[in-house]
Amino acid sequence: MALPSHVTILDVGPRDGLQNEKESVSTEHKAQLVSMLQDAGLKEIEVTSFVSPRWVPQMGDNAALMAAIERKPGVRYSVLVPNTKGLEPALASRPDEILVFTAASEAFTQKNINCSIAESLERFAPVIEGAHAAGLKVRAAVSCALGCPYEGEITADQVEAVVKPLRELGVDAIDIADTIGIGTPRRVQAAMERALKHFPLAEVSGHFHDTYGQALTNIYASLELGVHGFHASVSGLGGCPYAKGATGNVATEDVVFMLDGLGISTGIDLDKLVDAGAFISNVLGRPPVSRVARAVLAKRAG
Ligand code: HMG
Ligand code: MG
């Protein structure tokens, strides 16, 4: 199959990236990051999560942040919602999309959202219904789709076992998430194929963390199947608080650089994206993880 000619990148940096930061990042800095991302051409941004602030304190300013962002026409803002308790404040914050999240691994689901996979699906039913009633699209993330920090290898059968009921619950789109970045290309394709059995091509996204340095290769392997939606976090921010040792998502700068080289359009301006990554890295007091960002910044400095 020819590779797709256009890819949509969802930047999850403000949420997946920052959720793991121990030091509190101010709402103003988060809003500034969102603003710089949309100025760079991002059309999809995951802003925050309406989870328990006791579990993830960094996301405790969710409503304030959603109120602070300057919304740009054509940009879609999404938020994570784990249960009905989170739905009401999430809806009040006027997102364009809701993300529910479970996993292909029982142990991880227990650690992350304190329930079994089956219970997570039960919890989602009213969340999905409520979001749809409000006219919003609902996406679901399947974490640990390639491996689990507690259970080890996860099979494509296990992925399909959660993808299928999510579709039956009325979820519109699905993210195949390699939470611990352990997937390799053929295994990623096998997992993607199971998602594609139940969801249309345009509604299947790859969410790759780069822990083992496989994320770009896994994106390429997904492109070979025609998948054209990917998540990335600017500067390579992040990790998951409930997956020890997990590093950030693949850096948005690195994905854009690869896609530019392949002649695949993204609508994203790499230079402005590097500026956004440099901004948040400066706030956090450390250099960007993105290899491309570091190369661009070194070239600018020289
Ligand atoms: P729980 O303790 O089982 O919940 O947590 P509970 O229903 O027993 O409630 C306990 C307390 O939390 C109560 O407060 C509730 O009101 C409150 P209290 O009465 O004790 O004062 N509470 C809430 N507060 C605010 N917002 C809510 C909410 N729900 C309950 N929505 C829960 C269950 C799901 C809430 C908890 O486990 C949680 O918040 N987990 C979130 C973990 C998380 O955010 N993980 C990271 C995001 S997932 C991710 O990064 C993976 C992804 O990127 C894909 C990938 O890479 O794999 C998406
Ligand atoms: Mg993630």
Side-chain angles (χ1 to χ4, degrees), residues 10-37 45-69 78-83 85-86 89-90 93 99 101 103 107-114 141 143-144 148-150 177-182 207-213 215 231-254 274-291 293-294 297:
L10 189 167
D11 200 295
V12 294
R15 195 283 302 172
D16 205 356
L18 295 181
Q19 72 180 6
N20 211 34
E21 292 297 328
K22 299 246 166 351
E23 296 291 320
S24 167
V25 177
S26 73
T27 307
E28 291 71 26
H29 282 145
K30 291 175 185 170
Q32 173 74 21
L33 174 62
V34 170
S35 170
M36 292 181 85
L37 289 172
I45 303 174
E46 203 164 276
V47 179
T48 186
S49 56
F50 286 83
V51 298
S52 160
R54 246 190 267 161
W55 283 61
V56 187
Q58 186 66 258
M59 300 285 110
D61 65 345
N62 40 32
L65 176 57
M66 286 298 280
I69 58 172
S78 53
V79 298
L80 257 78
V81 177
N83 53 19
K85 167 107 188 165
S93 78
L99 172 66
F101 52 107
F108 182 80
T109 309
Q110 222 27 277
K111 297 268 186 199
N112 195 34
I113 51 176
N114 206 20
S143 290
C144 295
C148 168
Y150 311 104
D178 187 5
T179 316
I180 56 168
I182 202 157
H207 177 113
F208 300 115
H209 286 253
D210 203 27
T211 318
Y212 287 79
H231 302 181
S233 77
V234 68
S235 157
L237 295 174
C240 176
Y242 299 102
K244 204 168 182 298
T247 60
N249 298 81
V250 63
T252 316
E253 297 92 319
D254 297 4
V274 169
D275 292 340
F279 162 76
I280 193 65
S281 298
N282 199 30
V283 167
L284 298 172
R286 54 170 191 264
V289 174
S290 163
R291 304 271 280 267
R294 279 189 273 153
L297 291 170

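Computed over heavy atoms, backbone and side chain alike; hydrogens, waters and symmetry mates excluded.
Listed by chain and number, the residues in a side chain to side chain contact (heavy atoms under 4.5 Å, CB included) with Ser52 are Arg54, Trp55 (sequence neighbours excluded). Among residues two or more places apart in sequence or in another chain, the salt bridge (Lys or Arg N to Asp or Glu O under 4.0 Å) test is passed with Asp61 by Lys30.
At least one side-chain heavy atom of Leu37 sits less than 4.5 Å from a side-chain heavy atom of Pro14. Pro149 places a side-chain heavy atom less than 4.5 Å from the side chain of Ile180. For the pair Val51/Phe101, a side-chain contact is recorded, criterion being any heavy-atom separation below 4.5 Å from C-beta on.
Between atom CD of residue Glu46 and atom CG of residue Leu80 there is a gap of 5.0 Å, rounded to the nearest 0.5 Å. Taking NE2 of His209 as the start and OG1 of Thr179 as the end, the distance is 6.0 Å to the nearest 0.5 Å. A distance of 10.5 Å separates CD of Gln58 from NZ of Lys22, quoted to the nearest 0.5 Å. Note: Thr252 OG1 to Asp11 CG = 3.5 Å, rounded to the nearest 0.5 Å. For the atom pair CZ of Phe50 and NZ of Lys85, the computed distance is 13.0 Å after rounding to the nearest 0.5 Å. To the nearest 0.5 Å, atoms CD1 (Ile280) and CG (Asp275) are separated by 13.5 Å.
In this structure, the side chain of Arg291 does not engage the main chain of Asp254 through any donor-acceptor pair within 3.5 Å. In this structure a side-chain-to-backbone donor-acceptor pair under 3.5 Å is missing from Asn62 to Thr48.
When only modelled atom types and interatomic distance are considered, Asp16 and His231 share no side-chain donor-acceptor pair under 3.5 Å. There is a side-chain donor-acceptor pair under 3.5 Å between Thr247 and Thr211.
Considering all non-hydrogen atoms of both residues, Ala276 and Leu33 come closest at O-CD1, 3.9 Å. Minimum heavy-atom separation, Ala251 to Gly236: CB-N, 3.5 Å. Of all the heavy atoms in Leu65 and Ala31, the pair that sits closest is CD1-N, 3.6 Å. When all heavy atoms of Glu253 and Ser233 are compared, the closest pair comes out as OE1-O, 4.3 Å. The two atoms that bring Val81 and Ala90 nearest to each other are CG2-CB, 3.6 Å, heavy atoms only. Across all non-hydrogen atoms, the minimal contact from Asn249 to His207 is ND2-NE2, 3.1 Å.
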(request) Run the numbers on Leu18 and Met59 for side-chain contact (heavy atoms from CB on, under 4.5 Å), then give the verdict. (result) CA-CA 8 Å; Leu18 295 181; Met59 300 285 110; 4.3 Å; yes

(request) Carefully, step by step, assess Leu237 and Leu284 under the rule side-chain contact (heavy atoms from CB on, under 4.5 Å). (result) CA-CA 10 Å; Leu237 295 174; Leu284 298 172; 3.4 Å; yes

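By the neighbour-count criterion of 12 heavy atoms within 6.0 Å, atom CZ of Phe279 is densely surrounded, having more than that number from other residues, nucleotides or ligands.
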